[in-house]
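In what follows, a structure is listed as C-alpha coordinates, so that the remarks can point back to it.
To find a chain, count down the sequence lines: A is the first, B the second, and so on, and within it residues start at 1.
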Amino acid sequence: MHKRNEIQPVAFMAPRYKKAIEVQKVLREQLILKRVAGKISTVAGADVSYDKHGDSFFAGVVVYKLGKQLEKIEEATAHGRIRFPYIPGLLSFREAPILLKAFKKLKNDPDVILFDGQGIAHPRHFGLASHMGLILDRRAIGCAKSRLVGEFRCVKNVVGAYSKLFYQHEAVGAVLRTKVNTNPIFVSPGHKVNLALAIHIALATCRGYRIPEPVRHAHLLVNRVRKEQIK
DNA sequence: GCGACAG
DNA sequence: ATCTTGTCGC
(Lines give C-alpha, C1' and ligand atoms only; values in the text may rest on other atoms or scores of the structure.)
Protein backbone atom coordinates (compact mmCIF):
# COMPACT_ATOMS: atom_id res chain seq x y z
CA MET A 1 0.00 0.00 0.00
CA HIS A 2 1.75 3.09 -1.20
CA LYS A 3 0.50 6.63 -1.12
CA ARG A 4 0.48 8.51 -4.37
CA ASN A 5 3.95 9.76 -5.24
CA GLU A 6 5.65 7.36 -2.89
CA ILE A 7 7.82 6.25 -5.75
CA GLN A 8 9.97 3.15 -5.70
CA PRO A 9 9.42 1.14 -2.52
CA VAL A 10 12.93 1.23 -1.09
CA ALA A 11 12.81 -2.23 0.47
CA PHE A 12 12.63 -3.90 -2.93
CA MET A 13 15.32 -1.89 -4.64
CA ALA A 14 18.84 -2.97 -5.45
CA PRO A 15 21.43 -1.83 -2.87
CA ARG A 16 22.93 0.79 -5.16
CA TYR A 17 19.54 2.47 -5.49
CA LYS A 18 18.92 2.39 -1.78
CA LYS A 19 22.28 4.05 -1.31
CA ALA A 20 21.38 6.72 -3.89
CA ILE A 21 18.22 7.49 -1.95
CA GLU A 22 20.16 7.82 1.30
CA VAL A 23 22.61 10.15 -0.45
CA GLN A 24 19.73 12.38 -1.51
CA LYS A 25 18.39 12.52 2.02
CA VAL A 26 21.76 13.59 3.39
CA LEU A 27 22.52 16.12 0.66
CA ARG A 28 19.13 17.78 0.82
CA GLU A 29 19.96 18.99 4.32
CA GLN A 30 22.59 21.24 2.78
CA LEU A 31 20.22 22.87 0.31
CA ILE A 32 19.67 26.59 0.54
CA LEU A 33 16.07 27.34 -0.34
CA LYS A 34 16.18 31.05 0.22
CA ARG A 35 17.04 33.64 -2.32
CA VAL A 36 20.75 34.35 -2.05
CA ALA A 37 21.88 37.95 -2.45
CA GLY A 38 23.94 38.92 -5.47
CA LYS A 39 23.46 40.30 -8.92
CA ILE A 40 22.14 38.00 -11.61
CA SER A 41 23.54 39.00 -14.98
CA THR A 42 24.23 35.64 -16.63
CA VAL A 43 21.90 32.67 -17.00
CA ALA A 44 22.74 29.17 -18.21
CA GLY A 45 20.61 26.33 -19.46
CA ALA A 46 21.62 22.67 -19.50
CA ASP A 47 20.23 19.53 -21.08
CA VAL A 48 21.10 15.98 -22.10
CA SER A 49 20.48 14.02 -25.30
CA TYR A 50 20.62 10.23 -25.50
CA ASP A 51 22.27 8.17 -28.19
CA LYS A 52 19.84 5.96 -30.05
CA HIS A 53 21.84 2.86 -29.21
CA GLY A 54 21.40 3.64 -25.58
CA ASP A 55 24.86 3.37 -24.09
CA SER A 56 26.08 6.95 -24.43
CA PHE A 57 24.74 10.45 -24.18
CA PHE A 58 25.65 14.10 -24.61
CA ALA A 59 25.32 17.07 -22.28
CA GLY A 60 25.22 20.70 -23.28
CA VAL A 61 25.33 24.02 -21.49
CA VAL A 62 24.56 27.41 -22.96
CA VAL A 63 25.32 30.66 -21.13
CA TYR A 64 23.45 33.88 -21.77
CA LYS A 65 23.90 37.45 -20.72
CA LEU A 66 20.64 38.59 -19.22
CA GLY A 67 19.12 41.69 -20.73
CA LYS A 68 16.35 42.92 -22.94
CA GLN A 69 17.87 40.72 -25.60
CA LEU A 70 19.39 37.49 -24.41
CA GLU A 71 22.94 37.33 -25.69
CA LYS A 72 24.64 33.96 -25.98
CA ILE A 73 28.16 34.24 -24.59
CA GLU A 74 29.33 30.64 -24.31
CA GLU A 75 28.43 27.02 -24.86
CA ALA A 76 30.02 23.70 -23.97
CA THR A 77 29.23 20.04 -24.58
CA ALA A 78 30.41 16.68 -23.32
CA HIS A 79 30.04 13.05 -24.33
CA GLY A 80 30.00 10.07 -22.00
CA ARG A 81 28.77 6.59 -21.22
CA ILE A 82 25.48 5.98 -19.44
CA ARG A 83 26.20 4.33 -16.09
CA PHE A 84 22.86 4.50 -14.31
CA PRO A 85 19.33 3.52 -15.40
CA TYR A 86 16.44 5.92 -15.54
CA ILE A 87 14.43 5.63 -12.36
CA PRO A 88 11.88 8.31 -11.53
CA GLY A 89 13.30 10.17 -8.54
CA LEU A 90 16.91 9.18 -9.28
CA LEU A 91 17.44 11.08 -12.52
CA SER A 92 20.39 13.04 -11.15
CA PHE A 93 22.44 9.88 -10.64
CA ARG A 94 22.03 9.23 -14.33
CA GLU A 95 22.54 12.73 -15.73
CA ALA A 96 24.65 14.66 -13.21
CA PRO A 97 27.99 13.07 -14.20
CA ILE A 98 27.74 14.00 -17.88
CA LEU A 99 26.37 17.44 -17.05
CA LEU A 100 29.29 18.10 -14.71
CA LYS A 101 31.67 17.11 -17.46
CA ALA A 102 30.17 19.81 -19.67
CA PHE A 103 30.21 22.40 -16.88
CA LYS A 104 33.91 21.78 -16.30
CA LYS A 105 34.64 23.02 -19.82
CA LEU A 106 32.85 26.27 -19.17
CA LYS A 107 34.95 29.41 -18.67
CA ASN A 108 32.14 31.56 -17.31
CA ASP A 109 30.38 30.66 -14.10
CA PRO A 110 26.76 31.65 -14.61
CA ASP A 111 24.84 33.36 -11.83
CA VAL A 112 21.92 30.97 -12.17
CA ILE A 113 21.39 27.71 -14.06
CA LEU A 114 18.15 26.31 -15.45
CA PHE A 115 17.82 22.54 -15.68
CA ASP A 116 15.55 20.25 -17.62
CA GLY A 117 14.05 18.51 -14.60
CA GLN A 118 12.73 19.17 -11.10
CA GLY A 119 14.24 21.11 -8.24
CA ILE A 120 12.63 20.39 -4.86
CA ALA A 121 9.39 19.19 -6.48
CA HIS A 122 10.70 15.71 -5.83
CA PRO A 123 9.87 12.73 -3.54
CA ARG A 124 12.82 13.67 -1.30
CA HIS A 125 12.95 17.36 -2.22
CA PHE A 126 16.16 16.82 -4.13
CA GLY A 127 15.69 16.69 -7.88
CA LEU A 128 18.26 17.22 -10.63
CA ALA A 129 18.37 21.01 -10.29
CA SER A 130 18.94 20.77 -6.53
CA HIS A 131 21.63 18.14 -6.93
CA MET A 132 23.48 20.10 -9.59
CA GLY A 133 23.08 23.43 -7.83
CA LEU A 134 24.53 22.02 -4.63
CA ILE A 135 27.49 20.39 -6.37
CA LEU A 136 28.25 23.48 -8.44
CA ASP A 137 27.42 25.81 -5.56
CA ARG A 138 25.29 27.93 -7.87
CA ARG A 139 21.75 29.15 -7.93
CA ALA A 140 19.73 26.52 -9.76
CA ILE A 141 16.15 26.21 -10.98
CA GLY A 142 14.21 23.19 -12.18
CA CYS A 143 12.22 23.67 -15.41
CA ALA A 144 10.46 20.39 -16.14
CA LYS A 145 7.99 19.67 -18.90
CA SER A 146 5.90 17.33 -16.81
CA ARG A 147 5.03 16.46 -13.24
CA LEU A 148 6.92 14.13 -10.95
CA VAL A 149 5.07 14.75 -7.68
CA GLY A 150 2.50 17.12 -6.27
CA GLU A 151 -0.99 18.39 -6.95
CA PHE A 152 -2.11 21.61 -8.52
CA ARG A 153 -5.11 23.50 -9.81
CA CYS A 154 -5.80 24.53 -13.38
CA VAL A 155 -3.64 27.38 -14.65
CA LYS A 156 -5.24 30.33 -16.43
CA ASN A 157 -4.48 30.54 -20.11
CA VAL A 158 -2.42 33.69 -19.77
CA VAL A 159 1.34 34.02 -19.97
CA GLY A 160 2.70 34.41 -16.46
CA ALA A 161 -0.25 32.73 -14.75
CA TYR A 162 0.63 29.89 -12.42
CA SER A 163 -0.69 27.71 -9.66
CA LYS A 164 1.43 26.46 -6.83
CA LEU A 165 2.46 22.84 -6.83
CA PHE A 166 1.76 21.24 -3.46
CA TYR A 167 3.44 18.14 -2.14
CA GLN A 168 2.91 16.98 1.42
CA HIS A 169 1.18 20.24 2.35
CA GLU A 170 4.06 22.31 1.08
CA ALA A 171 4.44 24.53 -2.00
CA VAL A 172 7.41 22.94 -3.76
CA GLY A 173 7.03 24.63 -7.11
CA ALA A 174 4.76 26.32 -9.62
CA VAL A 175 2.94 25.15 -12.71
CA LEU A 176 3.69 28.09 -14.95
CA ARG A 177 2.07 29.19 -18.21
CA THR A 178 4.88 30.42 -20.44
CA LYS A 179 2.82 30.49 -23.61
CA VAL A 180 -0.89 30.64 -24.39
CA ASN A 181 -2.67 27.50 -25.61
CA THR A 182 0.30 25.47 -24.55
CA ASN A 183 0.81 23.18 -21.60
CA PRO A 184 2.41 24.89 -18.63
CA ILE A 185 5.87 23.97 -17.34
CA PHE A 186 6.87 22.86 -13.85
CA VAL A 187 9.19 25.31 -12.17
CA SER A 188 10.75 24.57 -8.81
CA PRO A 189 13.60 25.99 -6.76
CA GLY A 190 16.78 23.99 -7.05
CA HIS A 191 19.34 25.77 -4.89
CA LYS A 192 19.91 29.26 -3.47
CA VAL A 193 16.61 30.60 -4.85
CA ASN A 194 13.08 30.80 -3.54
CA LEU A 195 9.96 29.99 -5.52
CA ALA A 196 9.26 33.61 -6.42
CA LEU A 197 12.70 34.11 -7.96
CA ALA A 198 12.52 30.77 -9.74
CA ILE A 199 9.27 31.80 -11.40
CA HIS A 200 10.66 35.24 -12.20
CA ILE A 201 13.81 33.92 -13.87
CA ALA A 202 11.92 31.28 -15.83
CA LEU A 203 9.50 33.86 -17.18
CA ALA A 204 12.20 36.45 -17.83
CA THR A 205 14.10 34.03 -20.04
CA CYS A 206 11.16 32.89 -22.16
CA ARG A 207 11.06 34.27 -25.69
CA GLY A 208 7.80 33.17 -27.22
CA TYR A 209 8.28 29.46 -26.69
CA ARG A 210 7.11 27.14 -23.97
CA ILE A 211 10.61 26.37 -22.73
CA PRO A 212 12.86 29.13 -21.33
CA GLU A 213 15.47 30.06 -23.93
CA PRO A 214 18.58 28.79 -22.11
CA VAL A 215 17.15 25.28 -21.70
CA ARG A 216 15.58 25.32 -25.13
CA HIS A 217 18.89 26.13 -26.76
CA ALA A 218 20.82 23.66 -24.65
CA HIS A 219 18.33 21.10 -25.95
CA LEU A 220 18.87 22.14 -29.57
CA LEU A 221 22.63 22.18 -29.03
CA VAL A 222 22.92 18.64 -27.65
CA ASN A 223 20.62 17.23 -30.31
CA ARG A 224 22.69 18.89 -33.02
CA VAL A 225 25.96 17.66 -31.53
CA ARG A 226 24.63 14.13 -31.11
CA LYS A 227 23.51 13.87 -34.72
CA GLU A 228 26.84 15.17 -35.97
CA GLN A 229 28.94 12.93 -33.74
CA ILE A 230 27.04 9.84 -34.80
CA LYS A 231 28.22 10.25 -38.37
C1' DG B 1 -2.53 -6.17 -7.17
C1' DC B 2 -3.02 -1.64 -9.62
C1' DG B 3 -1.67 2.91 -10.87
C1' DA B 4 1.92 6.65 -10.92
C1' DC B 5 6.39 7.68 -12.36
C1' DA B 6 11.42 14.40 -14.19
C1' DG B 7 14.38 12.34 -18.60
C1' DA C 1 14.64 10.13 -23.53
C1' DT C 2 14.06 7.78 -28.43
C1' DC C 3 11.93 5.61 -33.07
C1' DT C 4 9.46 9.36 -37.03
C1' DT C 5 5.79 12.34 -41.75
C1' DG C 6 2.38 14.51 -42.11
C1' DT C 7 -0.99 17.26 -40.30
C1' DC C 8 -4.52 19.87 -37.46
C1' DG C 9 -4.91 24.31 -35.17
C1' DC C 10 -3.64 28.90 -33.31
- Polar side chain donor-acceptor pair, A:D111 to A:S41, under 3.5 angstrom: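 Checked: A:D111/A:S41 side chains pair up, N/O donor to acceptor below 3.5 Å.
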
Could you tell me the separation between the [atom1] atom of [X] and the [atom2] atom of [N], rounded to a whole number of Å?
X	N	atom1	atom2	answer
A:H53	C:dA1	NE2	P	18 Å
A:R226	C:dC3	CZ	C1'	10 Å
A:N183	C:dG9	CG	C1'	14 Å
A:Q118	B:dG7	CD	P	7 Å
A:L128	B:dC5	CG	P	19 Å
A:R124	B:dC5	CZ	P	16 Å
A:L220	C:dA1	CG	P	12 Å
A:R147	B:dA6	CZ	C1'	11 Å

- Query: Which one, C:dC10, B:dA6, C:dT2, comes nearest to the side chain of A:S49?
  - Reply: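 Out of C:dC10, B:dA6, C:dT2, the nucleotide with an atom closest to A:S49's side chain is C:dT2.
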
- Query: Side-chain N or O of A:S146 less than 4.0 angstrom from OP1 or OP2 on B:dC5?
  - Reply: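 Answer is no, no contact under 4.0 Å.
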
- Message: With a 4.0 Å cutoff (strictly under), does any side-chain N or O of A:K145 reach OP1 or OP2 of C:dA1?
- Response: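 So the side chain of A:K145 is within the cut-off, an N or O lying under 4.0 Å from OP1 or OP2 of C:dA1.
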
- Query: Within the stacking criterion (centroid distance below 5.5 Å, interplanar angle below 30°), does A:Y86 stack on B:dG7?
  - Reply: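 Answer is yes, a stack.
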
- Contact class for A:N223 (heavy atom, under 4.0 Å): base, sugar-phosphate, or nothing?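 Touches sugar-phosphate only.
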
- Query: Taking A:S188 for the side chain and A:G119 for the main chain, is one N or O donor matched with an acceptor at less than 3.5 Å?
  - Reply: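 Here the side-chain-to-backbone pair exists.
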
- In terms of the nearest nucleotide of DNA chain C, which residue is placed more toward the 5' end: A:N181 or A:D116?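 It is A:D116 whose nearest nucleotide is closer to the 5' end.
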
- Task: Hey, which sits more toward the 5' end of DNA chain C by its nearest nucleotide, A:H219 or A:V180?
- Result: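 Nearest nucleotide further toward 5': that of A:H219.
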
- Evaluate the ring planes of A:H131 and A:F93, with Trp represented by its six-membered ring, and classify them as parallel (under 30°), tilted (30 to 60°) or perpendicular (over 60°).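 The rings of A:H131 and A:F93 stand perpendicular, inter-plane angle above 60°.
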
- Item | Lys/Arg cation over aromatic A:Y209: A:R216, 6.0 Å, 45° cone |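 That pair qualifies as a cation-pi contact.
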
- Task: Answer yes if the ring centres of A:F186 and A:Y162 are under 6.0 angstrom apart, and no otherwise.
- Result: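 No - the distance between ring centres of A:F186 and A:Y162 does not fall below the 6.0 Å cut-off.
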
